[in-house]
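Heads up, the thing below is written out as structure tokens.
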Number of protein chains: 2
Amino acid sequence: MTEPGPDEVMDRLVQVSFTVMALLSRAAAAHDLSLTQLRALAILRDRTPKMAELADYLGLDRSSVTGLIDRAVKRGLVRREASDDDGRAVRVDLTAQAHRLAGELGAEIAELLAPLTRDLTPAERNRLGVLLGRMLP
Amino acid sequence: MTEPGPDEVMDRLVQVSFTVMALLSRAAAAHDLSLTQLRALAILRDRTPKMAELADYLGLDRSSVTGLIDRAVKRGLVRREASDDDGRAVRVDLTAQAHRLAGELGAEIAELLAPLTRDLTPAERNRLGVLLGRMLP
DNA sequence: TATTGTTATACTCTATAACTATA
DNA sequence: TATAGTTATAGAGTATAACAATA
């Protein structure tokens, strides 16, 4: 049978990851969003972080997030709001339109990714989920 | 125990994929390479494709690859060579320096990714590899 | 003084459209 | 005519350095 060595496992993980990213990019592009904007959308679905916190979530410099949010504001996806506790800070909040868009995107992404596990049985899909869960913090 | 539903499995797959991409980006950045340049390097390790073929591998427009290869040439990573069979075509060839770099990067990436499966037993790692293999074409 | 966010600047990545040289 | 590659152009994404406002 297929007996993957340790490096082979990592190779496959990288291959699958690139495939996933390509599919996510395609889903985002269908709504004229970049992968980064898609990530921001996902993060902001259940958070209203300050700019610096959002930068941390995304692993980007604050100055990069300024431009990202500038463009998102221009498209009506987010609002900048003053922070109550800190006069310097700015909170980022998703608009209702963006919440709807995020919902649609979630469904579309689920559909796009589904074929990936097409050849796995439900039990195997389950085992995959468990193993992946053990790889996350 | 952890019984992931179908959407949960996909969520974890996306999470792990983002983690993998972040680690790959970090490995590339340590050598002042972008993720795209890293991909190109990996592809060119065992191929000498024409520009159009490389564009296909990368899923990019030909014009994008022109710039990518321009920058790689400037850094001494690749050479452009005339194609024997087609006077219009250009073959892209990795330099010896780039081959060495690719080797180093491979080892560094293996080290960076290893912690991901730290909590899996060898048998589990194996099963993960098999499942991932079934998700690839 | 330190932190938050922005601006200015520069580079990479990417696509579209127009062009050239060859087929 | 069609294809391979480049150029010109435009916009997104990203980081570094310098800055203003607030803590």
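For the numbers below, each heavy atom of this structure counts, side chains included, while hydrogens, waters and symmetry mates do not. The structure displayed is predicted, hence computed values, not measured ones. Quick note on labels: first sequence line is chain A, next is B, and so on, each numbered from 1.
Rounded to whole Å, the distance from CG on A/D32 to C1' on C/dA15 is 12 Å. Atom NZ of A/K50 is separated from atom P of C/dT6 by 14 Å (rounded to the nearest Å). Rounded to whole Å, the distance from CD1 on B/I69 to C1' on C/dT12 is 14 Å. When rounded to the nearest whole Å, the span between CG of B/D56 and P of D/dG5 equals 10 Å. Here the P atom of nucleotide D/dT3 and the CD atom of B/E53 are 15 Å apart, to the nearest Å. The distance between atom CG of A/L54 and atom P of C/dT6, rounded to the nearest whole Å, is 11 Å. In this entry the distance linking CZ of B/R91 with C1' of D/dA4 reads 12 Å, nearest Å.
A salt bridge does not link B/D56 to B/K50: none of the charged side-chain nitrogens sits closer than 4.0 Å to a carboxylate oxygen. Of the charged side-chain nitrogens involved, at least one lies within less than 4.0 Å of a carboxylate oxygen, so that B/E8 and B/R12 count as a salt-bridged pair.
Backbone-only engagement by B/R80 is indicated by non-hydrogen atom pairs under 4.0 Å involving sugar-phosphate atoms exclusively.
Residue A/M10 is grouped with residue B/L112 when hydrophobic side chains (ILVMFWY) are merged at heavy-atom distances under 4.5 angstrom, including chains of intermediate members. B/L136 and B/V130 fall into different hydrophobic clusters, where Ile, Leu, Val, Met, Phe, Trp and Tyr are joined by side-chain heavy atoms under 4.5 Å apart, directly or via other members.
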Report all interatomic pairs (protein N or O, nucleotide N or O of nucleotides 20-23 of chain C) with separations under 3.5 Å.
unit_1 : atom_1 : unit_2 : atom_2 : d
C/dT22 : O2     : B/R88  : NH1    : 3.4
C/dA23 : OP1    : B/G87  : N      : 2.8

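Across all non-hydrogen atoms, the minimal contact from B/R125 to B/T117 is NH1-O, 2.6 Å. When all heavy atoms of B/E53 and B/R91 are compared, the pair lying nearest together is OE1-NH1, 4.0 Å.
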The contact string for nucleotides 8-14 of chain D, one letter per nucleotide 5' to 3', using protein heavy atoms under 4.0 Å with B, S and - for base, sugar-phosphate only and none, comes out as ----SSB
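OP1 or OP2 of C/dT4 sits under 4.0 Å from a side-chain N or O of A/R62.
At a threshold of 4.5 Å between non-hydrogen side-chain atoms, the residues B/L68 and B/L58 count as touching. Between B/L128 and A/L128 the shortest side-chain heavy-atom distance falls below 4.5 Å.
Qualifying side chain to side chain contact (heavy atoms under 4.5 Å, CB included) partners for A/A28, counting only residues two or more places apart in sequence or in other chains: A/L33, A/L38.
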